[in-house]
There are 2 protein chains.
Amino acid sequence: MPDKFGIAIHGGAGTITKMSMSKEMEAAYRTKLSESITVGYEILSNKGRALDAVQAAVMIMEDSELFNAGKGAVFTHEGRNEQDASIIDGSTLECGAVAAVMRVKNPIKLARQILSESEHVLLSGEGAERFAQLHNLELVDADYFYTERRWNQLQKSIEREKKSESDYSQLDHTPDDKHGTVGAVARDAQGNLAAATSSGGMTNKKFGRIGDSPIIGAGTYANNKTCAVSTTGHGEYFMRGVCAYDVSALMEYKGMRLQQATDLVIAGLSEHGGTGGMIAIDRNGNIAMPMNTPGMYRAQMSNDGLMEVKIYDGE
Amino acid sequence: MPDKFGIAIHGGAGTITKMSMSKEMEAAYRTKLSESITVGYEILSNKGRALDAVQAAVMIMEDSELFNAGKGAVFTHEGRNEQDASIIDGSTLECGAVAAVMRVKNPIKLARQILSESEHVLLSGEGAERFAQLHNLELVDADYFYTERRWNQLQKSIEREKKSESDYSQLDHTPDDKHGTVGAVARDAQGNLAAATSSGGMTNKKFGRIGDSPIIGAGTYANNKTCAVSTTGHGEYFMRGVCAYDVSALMEYKGMRLQQATDLVIAGLSEHGGTGGMIAIDRNGNIAMPMNTPGMYRAQMSNDGLMEVKIYDGE
């Protein structure tokens, strides 16, 4: 189907259950996911580029307090917001990525600027912010990223850590708070694929930790030959597994279909003890959104009429 | 051959030609490469771990002024030394990586410490240096990394840039100065694989650029199922191609042999305009060291008696 086009988005995976969610929060998430996917889809249905669609969809989520990216980013141990993002054009393999930026309002916009204007792939820290400034991207004060919910999460995490110095692994039992990420993948009517991911990282993270979101091949990948992928979850496992690229490699080298390849990569993640999920779209417009967590905020929309917004596993 | 073991190292690839090299410099490089590979090989022949062998071999090169890593690291635009490194254990897929550290004497030692002591994979900047300090790794003042050769390279690069603002690509014609990196891959007598890479980055680099050296899958990869790989060259191309992992994927999913897989990945690099090389060892102890540049500092040594130190292509 040469002109089938579509988009899928995620807003993070983790221990998201009906029990832990108020009706109001659930409605807020579904509304914002619908808005994000609609904005991306509109671009595609107007013959726009997959690259523009994934960026626009991600920016809607970055501007929302609901997701751990942009405005809603979690706090590091030092009470700062250090954000990571990446974007890739499957038609050229051109990509842009940014790590540990603190003052950029929309990290995915900066990643896109790096894709188009820099000879580099990955810029970090203050240097990346200077690049943003040179290219007239919007910088904000630290208090733009202050949200009561995320601040309270940090305080709780620090308290838990103090109580259980000897059992640091306890911290890992709140993956929703710790590992949220947003992302989008799309195929446009011209047959081009693109993927984008943006993350506020982990609550209470230390030592300048960089996750999988800015790593091409781990958190984000796209190639017109195969598929586009964006991941969310415990980033370290996605980095060790080179998970986003692995989906593409299984399709290209083993001839697997998208659903089979994404399922296999998530199974490998489970085997190593990693948790999370991914969204992916292939060169024919098929979409897969597997996870091994109780929930993943996600949505998909294609020109065959399919539009779905889901939160829980098996929904 | 279950007990075949061996190690390969590189000290950077680029426009390294007999014409551009004095006899003294050439001798110095060959001596240091011999020292590095011998130190790594000794560990293997004493039934030591591949992980220890690659770390030790890389540290010898980090401590030398000759290579763009550790002591001999090139300068950023601001006159600083920002270093990247990574290491991976092919038997567990555990890995450690570090980006943009300025005061750590041996970045590969810090990467190894992250592998063994941190729940994270990639730490960056000042945070990574705090982690190094907590673990009693040696920190040094900025002037430890001052070498006249690298400082002059920066001044030349800045001058060239001023002269040719409109032709920024001219800068890319000195890949030796810009893209040096060191690395090692090994298979130990127990059949475990490991890879390590360390880099001073690019002369005159700006905006907190991070290259492929700290990226698992791009600059470094190892998996007991397939091979261990360390790359060197124009890092952005290795990041877009997810090159180190791609060698492993071609072997695992397409059943390719090491030489065929590494040749194919370097051919793909050439197709996209990238320059560089890689060293790799497979689960049977076979070694491949392809490049598309005039030279790559490299050496290999196996228990079948093979020991080679080479600089130029075709040597």
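Predicted model, so just to flag it, every value in this text is computed and none were measured. Note on naming: letters A, B, ... go to the chains in the order of the sequence lines (proteins, then strands), and numbering restarts at 1 for each one.
- Under a 4.0 Å N-O distance rule, the pair A:Lys206/A:Glu161 qualifies as a salt bridge.
- Using a 4.5 Å cut-off between heavy atoms, B:Glu78 touches chain A through its side chain atoms alone.
- Between B:Phe238 and B:His234, the ring centre distance reaches or exceeds 6.0 Å.
- The candidate with the highest count of non-hydrogen atom pairs below 4.5 Å against chain B, out of A:Ala128, A:Gly241, A:Ala100, A:Gly211, is A:Ala128.
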Candidate pair A:Arg103 and A:Gln133, rule side-chain contact (heavy atoms from CB on, under 4.5 Å), full reasoning | CA-CA 10 Å; A:Arg103 300 191 299 137; A:Gln133 211 154 12; 4.1 Å; yes
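- With salt bridges taken as basic N to acidic carboxylate O contacts below 4.0 Å, none links A:Glu94 and B:Arg240.
- Proximity to chain A (any heavy atom under 4.5 Å) is restricted, for B:Leu134, to the side chain, taken from C-beta onward.
- Ion pairing of B:Arg49 with B:Asp89 is present here, as a side-chain N (NZ or NE/NH1/NH2) and a carboxylate O approach within less than 4.0 Å.
- For B:His272, the part sitting under 4.5 Å from any heavy atom of chain A is the side chain, from C-beta outward, and nothing else.
- Interface remark: B:Leu93 contributes backbone and side-chain atoms alike to the contact with chain A (heavy atom separation under 4.5 Å).
- Residue contact with chain A, scored on non-hydrogen atoms closer than 4.5 Å, involves the backbone and the side chain of B:Asp246 alike.
- With respect to chain B, the highest number of heavy-atom pairs below 4.5 Å among A:His77, A:Met239, A:Met256 belongs to A:Met239.
- Ring centers of B:Tyr253 and A:Tyr253: at least 6.0 Å apart, outside the cut-off.
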